[in-house]
**Student:** 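Here it is: the structure, laid out below.
So that the names make sense, note that chain A is the first sequence line, chain B the second, and so on, each numbered from 1.
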Number of protein chains: 4
Amino acid sequence: MNVNDSVTKQKFDNLYCCRESILDGLKRTTDVMFGGKQVVVCGYGEVGKGCCAALKALGAIVYVTEIDPICALQACMDGFRVVKLSEVIRQVDVVITCTGNKNVVTREHLDRMKNSCIVCNMGHSNTEIDVTSLRTPELTWERVRSQVDHVIWPDGKRVVLLAEGRLLNLSCSTVPTFVLSITATTQALALIELYNAPEGRYKQDVYLLPKKMDEYVASLHLPSFDAHLTELTDDQAKYLGLNKNGPFKPNYYRSVLAGCCWGHRFPLGAL
Amino acid sequence: MNVNDSVTKQKFDNLYCCRESILDGLKRTTDVMFGGKQVVVCGYGEVGKGCCAALKALGAIVYVTEIDPICALQACMDGFRVVKLSEVIRQVDVVITCTGNKNVVTREHLDRMKNSCIVCNMGHSNTEIDVTSLRTPELTWERVRSQVDHVIWPDGKRVVLLAEGRLLNLSCSTVPTFVLSITATTQALALIELYNAPEGRYKQDVYLLPKKMDEYVASLHLPSFDAHLTELTDDQAKYLGLNKNGPFKPNYYRSVLAGCCWGHRFPLGAL
Amino acid sequence: MNVNDSVTKQKFDNLYCCRESILDGLKRTTDVMFGGKQVVVCGYGEVGKGCCAALKALGAIVYVTEIDPICALQACMDGFRVVKLSEVIRQVDVVITCTGNKNVVTREHLDRMKNSCIVCNMGHSNTEIDVTSLRTPELTWERVRSQVDHVIWPDGKRVVLLAEGRLLNLSCSTVPTFVLSITATTQALALIELYNAPEGRYKQDVYLLPKKMDEYVASLHLPSFDAHLTELTDDQAKYLGLNKNGPFKPNYYRSVLAGCCWGHRFPLGAL
Amino acid sequence: MNVNDSVTKQKFDNLYCCRESILDGLKRTTDVMFGGKQVVVCGYGEVGKGCCAALKALGAIVYVTEIDPICALQACMDGFRVVKLSEVIRQVDVVITCTGNKNVVTREHLDRMKNSCIVCNMGHSNTEIDVTSLRTPELTWERVRSQVDHVIWPDGKRVVLLAEGRLLNLSCSTVPTFVLSITATTQALALIELYNAPEGRYKQDVYLLPKKMDEYVASLHLPSFDAHLTELTDDQAKYLGLNKNGPFKPNYYRSVLAGCCWGHRFPLGAL
């Protein structure tokens with residue numbers, strides 16, 4: 001059962017969590033001030049959207065790179081200039097990858113960064129930044145603190161590489177218990193569903209969490225925000241053609257927020 | 001062919017357009033100042049999200065009502081208190097409906113609103129506010145300008161009803177040509193696809209616009225923002241299992257943004 | 001008595017009012033969509049800050065020009081790139097002046113703007129845009145609606161000039177009654193103070209509204225927001241060396257928000 | 001020479017710095033997720049404004065308490081409900097003080113907080129939270145990590161007290177080098193001015209940094225943001241009555257941003 005694409009997982013683990021962990025990860029490792037900094041975010045999926053929103057809110061000037069015209073247009077409408085990485089690489093103070101792709105930041109980009117540029121990865125495993133290309137004799141590595149390396153060019157330029165290109169949010173930040181609770185609940189419910197399902201409901205395949213369970217996970221977490229749901233009247237439920245207890249959205253709606261890295265890669269592989 | 005659920009239509013016609021037209025519609029009809037106003041938005045789909053974001057950005061204090069726990073949890077994470085309408089109806093300055101439902105604002109709610117409360121509908125046809133219930137002898141209607149009625153209670157209390165409960169964004173605001181262009185392009189492409197499609201591709205049914213066309217519509221609008229797309233290298237395309245020219249997301253991803261009123265009603269009816 | 005520099009006047013008439021009227025004025029005259037638009041705001045005083053905040057919140061990409069390094073640094077920290085007008089004039093969709101200066105937008109700038117660029121003034125009288133320079137035979141003026149002129153270059157390029165360079169917020173928008181109330185109350189209190197003042201308190205000079213009156217104006221408007229002030233305990237008042245009823249800030253603090261258009265220097269000129 | 005009230009010090013050390021350090025301080029000590037949390041900020045001066053803006057941007061629901069009606073009205077216009085602490089103390093997840101006052105959070109407030117409520121001080125020394133009142137036999141203190149104490153009520157309720165009520169931003173966060181640079185430059189220039197000043201310019205008194213020096217400090221930091229100042233033409237300088245090299249604002253304008261903790265009144269006390 002693919003719980004990765006359930007709405008609660010997608011939205012909370014990716015967008016909302018990354019919105020906070022990008023700030024936390026950068027602060028704990030570099031103490032950088034965000035106000036006025038120029039930042040490029042590679043990829044405008046859920047993770048990229050979270051990173052962009054948080055950094056913009058704290059006064060950074062944020063550029064976005066994208067391969068998908070729909071995500072690119074969203075970035076425009078959200079107030080970010082959509083550029084190719086090479087257009088801004090000389091001027092930015094921070095480079096953040098969240099594409100799910102590989103070699104998004106190449107040695108050529110790294111060569112052109114300015115002194116003290118910070119480079120980190122919020123996306124997928126450790127492939128997005130071509131770290132291997134930095135393991136060459138002319139560059140010196142200096143570990144300045146845990147998870148923080150200065151890579152030093154012959155002319156003295158330093159690039160600040162975080163977590164050796166691995167995931168910043170896992171390596172240098174903490175995951176709020178709230179998000180863990182959402183994720184764990186989703187996984188637990190998936191297992192319960194598989195265990196209880198009548199024979200034949202699931203074949204040898206990858207399934208998405210039924211919409212109703214996804215909604216159930218969400219409803220379990222509302223009281224902690226003192227949030228009060230509205231209930232449909234009989235008349236309204238009839239008008240909408242819905243059951244008063246949900247599900248409230250069609251099943252395909254689950255993927256609402258897929259789009260970041262993990263969202264569009266793994267399920268595709270699996271299906 | 002259901003073009004209503006294509007991403008470009010959903011995101012632009014609903015979220016981005018409503019983000020602006022809620023402000024425009026309220027200003028043109030009432031000249032209300034947004035700063036410090038208490039507003040309740042019924043429904044946190046795409047339209048609701050747009051309304052909430054715009055009003056919050058301009059200094060309003062915004063409450064949300066929802067029936068769907070997933071949307072409710074999103075509202076929480078976006079910084080809105082999720083309440084039942086009856087909890088805040090006495091204190092709010094503006095009530096906005098965008099649920100796709102009917103009788104969301106009832107006569108009972110209207111009776112309890114404070115003097116000069118503004119009531120309007122951004123959602124679905126003219127069913128969301130129970131306007132019929134206001135056509136009773138004890139209430140006086142006074143048309144103060146085009147699209148603006150004061151409904152006056154016996155004690156002198158006035159409720160400001162916009163567009164008689166019809167869509168504010170169509171009645172009292174303008175639709176940017178940019179959004180019309182997106183919508184018209186989507187529709188035109190759908191017709192071209194139907195015309196050119198080899199026999200048998202489409203049967204007597206409702207189809208969603210192929211993902212690739214949706215992306216094409218978006219790409220046609222990028223130059224007006226001077227946005228520069230990144231192209232996948234061969235190696236990257238192979239790594240991701242994608243064609244370099246798209247589509248970049250699975251087809252079901254189209255519904256990314258369904259969720260507002262129109263999003264979750266019409267296609268369901270049709271399918 | 002100079003009421004123009006009292007905090008309530010400054011902050012409400014300039015920052016908060018302009019934050020809304022820039023959007024309103026542009027929408028009513030041009031129906032422009034803000035999302036994704038590139039805008040340059042000349043001057044980062046209170047008016048400029050209001051314009052920038054509103055446009056950024058609605059998804060525009062905003063550049064700032066400044067002559068004062070302190071205001072420039074504030075613009076940086078608020079997430080705006082500080083540029084010279086000539087650097088961005090070719091690419092922007094909207095130009096807004098709020099400097100209090102003259103000839104900030106020159107014919108040379110106008111010549112280099114792109115087709116359909118919108119130009120308007122939120123600052124001081126009608127001097128900021130050099131409109132006179134556009135009254136030349138090779139340019140055609142076309143009035144497309146009230147307060148909106150297209151100035152047409154020989155090659156067909158059109159620049160959209162609003163209110164012939166006069167104040168957009170007065171010409172093409174409305175002023176909320178709330179703000180009028182603040183301003184009128186301030187003026188009325190100033191007159192009452194002058195009338196009641198014992199002989200000798202005021203000489204032939206320009207005075208600022210006593211801080212306490214400024215606070216009184218503000219306190220009169222709090223109930224409309226259902227805002228509840230906290231009162232100092234005796235012990236706290238003693239600790240702070242304040243009277244429990246105010247004033248709560250030193251008198252010079254009034255100027256807190258001066259800074260808008262340098263136009264606001266003019267009353268000082270009187271001192 | 002009072003450098004504390006110079007604009008650069010005020011704005012950068014207080015507003016911009018606190019906007020980031022409140023997030024950083026809370027994350028490093030508690031790993032709290034901000035989205036959806038209810039927070040009350042006591043005091044809406046520069047520090048309070050910074051805290052409120054940052055937390056709102058990350059999805060918290062923020063309430064403000066104020067004693068000054070002008071600051072209270074600003075909070076309203078910025079979209080925060082202004083309340084008395086006792087009105088919200090039962091429901092909030094985080095309490096932050098930045099008033100410069102003493103005993104703003106009393107034992108009575110602490111008794112009524114909900115379980116796991118976080119309490120911290122961003123304001124003035126260690127007087128704002130009445131920590132002494134928590135040193136009583138019926139309450140148990142448990143140090144859970146550096147700078148974090150759980151104070152445990154007989155019924156098991158825990159309040160999370162940070163830095164024992166001392167300044168969170170100094171105790172639990174880092175100060176960006178950029179801000180230190182601003183502050184140090186200001187202090188150094190003040191010393192240079194005092195050293196070089198001709199006899200008689202300064203008497204035995206407390207002075208504010210001349211406006212021009214304040215502007216100079218700012219101008220020295222613009223290149224790090226790649227910000228480009230606009231220069232006045234001769235004609236414009238004459239029109240404005242300004243020297244082309246500044247100062248660009250009257251001297252009293254320095255206090256623009258005073259207002260944070262009333263702690264900043266203290267240097268004035270010296271005058």
**Student:** Which of residues 80-92 of chain A get closer than 4.5 angstrom to chain B, counting heavy atoms alone?
**Tutor:** A:Arg81, A:Val82, A:Val83, A:Lys84, A:Glu87
**Student:** Go through the steps to decide whether A:His221 and B:Leu73 satisfy the test side chain to side chain contact (heavy atoms under 4.5 Å, CB included), and finish with yes or no.
**Tutor:** CA-CA 8 Å; A:His221 289 84; B:Leu73 205 48; 4.2 Å; yes
**Student:** Minimum heavy-atom separation for A:Glu215 and B:Pro69, please, with both atom names.
**Tutor:** O-CG, 3.3 Å
**Student:** Checking heavy atoms, do the side chain of B:Val217, its backbone, both or neither come under 4.5 Å from chain A?
**Tutor:** neither
**Student:** Which distance, rounded to the nearest 0.5 Å, do you find between the CG of A:Leu240 and the OG1 of B:Thr99?
**Tutor:** 7.5 Å
**Student:** Relative to chain B, which of A:Thr65, A:Leu15, A:Asp78, A:Thr127 shows the most heavy atom pairs under 4.5 Å?
**Tutor:** A:Asp78
**Student:** Which one, A:Val104, A:Asn103, A:Val64, A:Thr230, leads in non-hydrogen pairs under 4.5 Å with chain B?
**Tutor:** A:Thr230
**Student:** For A:Thr233, which residues count as a side chain to side chain contact (heavy atoms under 4.5 Å, CB included) partner, sequence neighbours excluded?
**Tutor:** A:Asp235, A:Gln236
**Student:** Just give me the residue among B:Ala218, B:Pro247, B:Ser219 that pairs up with chain A most often, heavy atom to heavy atom, under 4.5 Å.
**Tutor:** B:Ala218
**Student:** When rounded to the nearest 0.5 angstrom, what is the spacing between CG in A:Asp68 and CG in B:Leu242?
**Tutor:** 9.5 Å
**Student:** Could you tell me whether B:Tyr216 atom OH has more than 12 heavy atoms of other residues or ligands within 6.0 Å of it?
**Tutor:** no
**Student:** Of all the heavy-atom pairs spanning B:Tyr239 and A:Gly100, show the shortest one and how long it is.
**Tutor:** CE2-O, 3.6 Å
**Student:** When rounded to the nearest 0.5 angstrom, what distance separates CD in A:Gln74 from OH in B:Tyr16?
**Tutor:** 4.5 Å
